[in-house]
Engineer: 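For reference, the structure I am asking about is given below.
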Amino acid sequence: MASLLEKVANPAYYKGKVGDFKVNASNYYKPLFRSGSIKPLWHLMAFTSVVMYTTNFICLKGSKVKHAREEQKTALAEYYKNHNIDPHH
């Protein structure tokens, strides 16, 4: 356990991981770029979409959706109470 904590706390560990990632990405994508493959473009588009939609949900829509659901739940409870309806049939 101590060695894991030492790894996580050491910036050289992360620097090494980033270096390994760069080498692996370079070894994977260089031949694809040189051959004119479309695969790198698809990977870039997928990555961009995931980042864009995740950021959009976290920053903009997440709290609005949560608030709307709570408002809907409250409104339904009030409706059921006013009309003497059992929501659990």
Side-chain angles (χ1 to χ4, degrees):
M1 184 69 177
S3 65
L4 176 65
L5 292 175
E6 289 171 2
K7 272 188 198 177
V8 173
N10 189 358
Y13 173 74
Y14 296 107
K15 190 173 182 181
K17 287 293 184 183
V18 169
D20 291 345
F21 177 76
K22 285 181 183 178
V23 169
N24 289 337
S26 176
N27 290 339
Y28 180 77
Y29 284 110
K30 260 187 189 175
L32 292 174
F33 279 119
R34 288 185 180 161
S35 69
S37 175
I38 194 73
K39 193 181 272 191
L41 177 62
W42 285 109
H43 289 176
L44 182 64
M45 288 174 21
F47 175 75
T48 302
S49 297
V50 167
V51 169
M52 180 184 66
Y53 286 115
T54 303
T55 305
N56 187 18
F57 182 79
I58 290 170
C59 295
L60 300 174
K61 294 183 180 174
S63 60
K64 291 179 183 177
V65 169
K66 183 179 178 185
H67 176 71
R69 286 180 181 159
E70 289 173 355
E71 190 175 301
Q72 220 174 22
K73 186 176 178 182
T74 305
L76 272 174
E78 186 178 310
Y79 176 82
Y80 291 149
K81 181 181 174 189
N82 290 342
H83 291 85
N84 295 326
I85 298 173
D86 182 23
H88 303 290
H89 305 299

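Residue numbers run from 1 in the order of the sequence given. Here the structure is a predicted model, which is why all the values come from computation and not from measurement.
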Engineer: Return the CG to OG distance between Leu44 and Ser49, rounded to the nearest 0.5 Å.
Structural biologist: 9.0 Å
Engineer: Mind checking side-chain hydrogen bond (donor to acceptor under 3.5 Å, both in side chains) for Glu78 and listing every partner two or more places apart, or none if nothing turns up?
Structural biologist: none
Engineer: Working to the nearest 0.5 angstrom, can you tell me the gap between Asp20 CG and Lys22 NZ?
Structural biologist: 11.0 Å
Engineer: With distance as the sole test, does Tyr14 use its side chain to make a donor-acceptor pair with the main-chain N or O of Val8 at under 3.5 Å?
Structural biologist: yes
Engineer: For Tyr79, does the OH atom have more than 12 heavy-atom neighbours from other residues, nucleotides or ligands under 6.0 Å away?
Structural biologist: no
Engineer: At their closest point, which heavy atom of Ser37 faces which heavy atom of Pro40, and how far apart are they?
Structural biologist: O-CD, 3.5 Å
Engineer: Transitively linked via ILVMFWY side-chain contacts under 4.5 Å: Met45 with Ile38?
Structural biologist: yes
Engineer: To the closest 0.5 Å, what do you measure between CZ (Phe57) and CE (Met52)?
Structural biologist: 14.5 Å
Engineer: Look up atom OG1 in Thr55 and atom NZ in Lys61, then write down how far apart they are to the nearest 0.5 Å.
Structural biologist: 12.5 Å
Engineer: Looking only at non-hydrogen atoms, find the nearest pair between Asn27 and Pro31 and report the distance.
Structural biologist: O-CD, 3.3 Å
Engineer: Roughly how far apart are Phe33 CZ and Ser26 OG, rounded to 0.5 Å?
Structural biologist: 10.0 Å
Engineer: Would a distance-only check, ignoring hydrogens and angles, find a side-chain to backbone donor-acceptor pair under 3.5 Å from Thr74 to Glu70?
Structural biologist: yes
Engineer: Under 4.5 Å between any side-chain heavy atoms of Tyr29 and Leu32, yes or no?
Structural biologist: yes
